[in-house]
Asker: 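If you scroll down you'll find the structure; I have some questions about it.
Numbering of residues begins at 1 and proceeds along the displayed sequence. This is a predicted model, so every value here is computed, not measured.
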Amino acid sequence: MKQFLDRARSALRPPIVATLAVIILCAAGVSSSSIGWSKMPHDILQPESVTPKTVNARNTPLISHVTSPAPYVPTGIDCSKTPCLALTFDDGPNPITTPQILDELERQNVHASFFVIGTRAVTMPQILQRMYKDGDEIGNHSWTHPDLTKLNAQQIQEQVNLTQAAVMSAGLPAPALFRPPYGAVNSTVRDTIPMTLAMWNVDPVDWENKDPNKIKDSIITSAKPGGVIDLHDIYGTTAQAIGPAIEALKPHYQFVTFSQLFNLAPGQRGEYFGR
Ligand code: NI
């Protein structure tokens, strides 16, 4: 945690450091939380040792530092005319399987979007830096993956801000996209998070399927023009499936990041599922 704070101090401007310090201290001083994992369909995920506690109003971090989104430049491809596909990966990073997927994306010169869980991201800044350097997009998938519709506005802010801070502490711009865990949103979530809500419209259920060949086939058969494919970079089976799936789809689709698919302005509000 100290290393995280040191990196954060060197990477960020002083006003942000103050906000960040408050956020990190909130995260560090916790014992346990009722924020649940019971709905998690992905059996690999376990509760993390660090979870944010509920803070009082005086200490509630503001979400105002959600600025300077990543400069992901549109490709010049018009996805309203060209069949485009956005590969998206949730719940990482994972120290083994995420680099395997990044290797495959790089080998095939394909860019994707990674929606990271903050408690994991904060321990793997090198993987985030590689995503950014490779031209992949980093989105926020909350700090501990709770169902946000069960939380109040303060708790939702913590979930978002801590993960923004984790990405920024790796020396990277704050994400412009937020993917709600389980896709669960309500009016409080919508009103509280001033970011693009990045949903999906293609689910090959890679978390359920333990066979890489079946995952590959599922990705290929479920793909459609304008599709946002929801995958998880925490499974070895997904890492094995992704290369052959891209090879099969590449002749038919242009692979783009989530922001490129919708030609999003940074931080554009709204929920986006697919084209
Ligand atoms: Ni998830």
Asker: Is the number of heavy atoms from other residues, nucleotides or ligands under 6.0 Å of Lys133 NZ greater than 12?
Answerer: no
Asker: Distance from Leu128 atom CG to Gln126 atom CD, nearest 0.5 Å?
Answerer: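 Interatomic distance, Leu128 CG to Gln126 CD, rounded to 0.5 Å: 9.0 Å.
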Asker: Heavy-atom distance under 4.5 Å between the side chains of Met124 and Pro95, does that happen here?
Answerer: yes
Asker: So, Arg179 and Asp91, do they make that salt bridge, N to O below 4.0 Å?
Answerer: no
Asker: Classify the side-chain pair Gln159/Gln155 by whether it contains a donor and acceptor separated by less than 3.5 Å.
Answerer: no
Asker: Classify the side-chain pair Ser259/Glu137 by whether it contains a donor and acceptor separated by less than 3.5 Å.
Answerer: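 Ser259 vs Glu137: donor-acceptor pair found between side chains.
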Asker: Report yes if the side chains of Thr238 and Phe89 come closer than 4.5 Å at any heavy-atom pair, otherwise no.
Answerer: yes
Asker: Parallel, tilted or perpendicular for His145 and His141, by the 30°/60° rule?
Answerer: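 His145 and His141: perpendicular rings.
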Asker: Any idea which heavy atoms bring Leu261 and Arg275 closest together, and the distance?
Answerer: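 It is O-NH1, 2.7 Å.
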Asker: Do you know which two heavy atoms are closest between Val202 and Ser222, and how far apart they sit?
Answerer: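 Smallest interatomic distance, heavy atoms only, reads CG1-OG, 3.3 Å.
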Asker: May I ask you to test the Val185-Leu197 pair for a side-chain heavy-atom distance under 4.5 Å?
Answerer: yes
Asker: Do you know which of Asp90, Ile219, Thr88 makes side chain to side chain contact (heavy atoms under 4.5 Å, CB included) with Leu231?
Answerer: Ile219
